[in-house]
Amino acid sequence: MTEALETRVSTLLEALPYIREFHGRTVVIKYGGAAMREEFLREGFATDVVLLKYVGLNPVIVHGGGPDITSYMERLGMEVRFHEGVRVSDPATVEVAKMVLLGKVNADIVNRLNRHGQPAVGLSGEDGALFDIRPHERSAEVGFVGDIERVDVDVLNHIAEDYIPVVASAGADREGNSYNVNADTAAGKVASALGAYKAIFLTDVSGWLADPSEPDSRVSRATVDEVSAELPKVSGGMRPKLEACVEAIRGNVESAHIIDGSRPHSLLLELFTDAGIGTMVTG
Ligand code: ADP
Ligand code: MG
């Protein structure tokens, strides 16, 4: 065999124990940010997820729409503000966020998965009463941002039998008010409610950085207690991500991973090769 062929064969063999381990397991994937920004990354993400389904995993996608919501708000001349990594949401912001999330971002993900050969179904927290929302603890600062009180996984389990569920992170409370929900928070809750095997968060940095200004300071592994101890010091978009990892692990998810979605096929690299990338949080 030529060297190139041997490399290909060994890549497949390297994946085998992982494929065996993950068969039939649920993996919740938070999709957002960087991995959504470029066409080739959107296509790469879709092929990766479809491959997961073909090899017997049960992928569940939870997504935000960060960059798209921001760009539509700017086109409408609306002010965009964040407070500790959470979008400040007045009723007009929630209206736009919901339209963009469902009408554009969600529809695009569903369309791509369908095209690559695994049918997907898009839904938001309101469909099948998936999320029960209450106002965020910092609602005085952030407005109509919701916390998920309860996830009713029935609808997800039904869909996942035949389709890939694609969940947009928005929902309503019992009075019918709509809320923006941070997609990391939603993914953490969904993973723990489903009793997922893994929760994977795609982002735009290599992982959790001990020093955010130092790209080489990635924490490759941490326990949930170590993460909890450091949380008060973490700011920006990494905060809800680490909180979501803690939520997932406390909900009996085996491991939570924060990986760089701007790296093509980072999902496959993380799941099926020995070279763990990103940050892995365990119990
Ligand atoms: P996403 O779309 O992945 O949710 P966010 O911008 O919300 O993206 O979150 C990722 C961002 O969090 C990084 O780009 C970085 O600017 C910021 N951040 C803040 N603190 C840290 C940290 N300790 N490690 C890594 N990133 C951090
Ligand atoms: Mg974010």
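Residue numbers start at 1 and run along the sequence shown. Atoms within a ligand are numbered from 1 in the order they appear, just like the ligands themselves. These values consider heavy atoms only, across backbone and side chains, with no hydrogens, waters or symmetry-generated copies.
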With a cut-off of 4.0 Å, which atoms of ligand 1 are near a heavy atom of K30? 1 (P), 4 (O)
Contacting atoms of ligand 1, where contact means under 4.0 angstrom from a heavy atom of G33: 2 (O)
Return the option from [options] holding the heavy atom at the smallest distance from [atom].
atom	options	answer
atom 18 (N) of ligand 1	K241, M238, R37, R239	M238
atom 24 (N) of ligand 1	L242, D184, D260, L209	L209
atom 19 (C) of ligand 1	G207, S235, A187	S235

Which protein non-hydrogen atom lies closest to [atom], naming both residue and atom, and how far is it?
atom	value
atom 3 (O) of ligand 1	T203 OG1, 2.7 Å
atom 14 (O) of ligand 1	D204 OD1, 2.7 Å
atom 9 (O) of ligand 1	G237 CA, 3.3 Å
atom 15 (C) of ligand 1	V205 CG1, 4.4 Å

Got a salt bridge between [X] and [Y], using NZ or NE/NH1/NH2 to carboxylate O under 4.0 Å?
X	Y	value
E21	K198	no
E43	R115	yes
E6	R8	no
D184	R239	no
D108	K104	no

Can the positive tip of R75 be found less than 6.0 Å from the middle of the six-membered ring of Y72, inside 45° of the ring normal? yes
Would you please indicate yes or no on a ring centroid separation below 6.0 angstrom for Y179 and F144? yes
Contact between L202 and ligand 1, counting heavy atoms under 4.0 Å? yes
Look at ligand 1 and say whether M36 reaches it with a heavy atom at a distance under 4.0 Å. no
Looking at R42, I want to see if its CZ is surrounded by more than 12 non-hydrogen atoms of other residues, nucleotides or ligands under 6.0 Å. yes
Would you say ligand 1 has an N or O under 3.5 Å from any N or O of V234? no
Do any N or O atoms from the side chain of E14 and from the backbone of D274 form a donor-acceptor pair under 3.5 angstrom? yes
Mark whether atom 12 (O) of ligand 1 lies under 4.0 angstrom from at least one protein heavy atom. yes
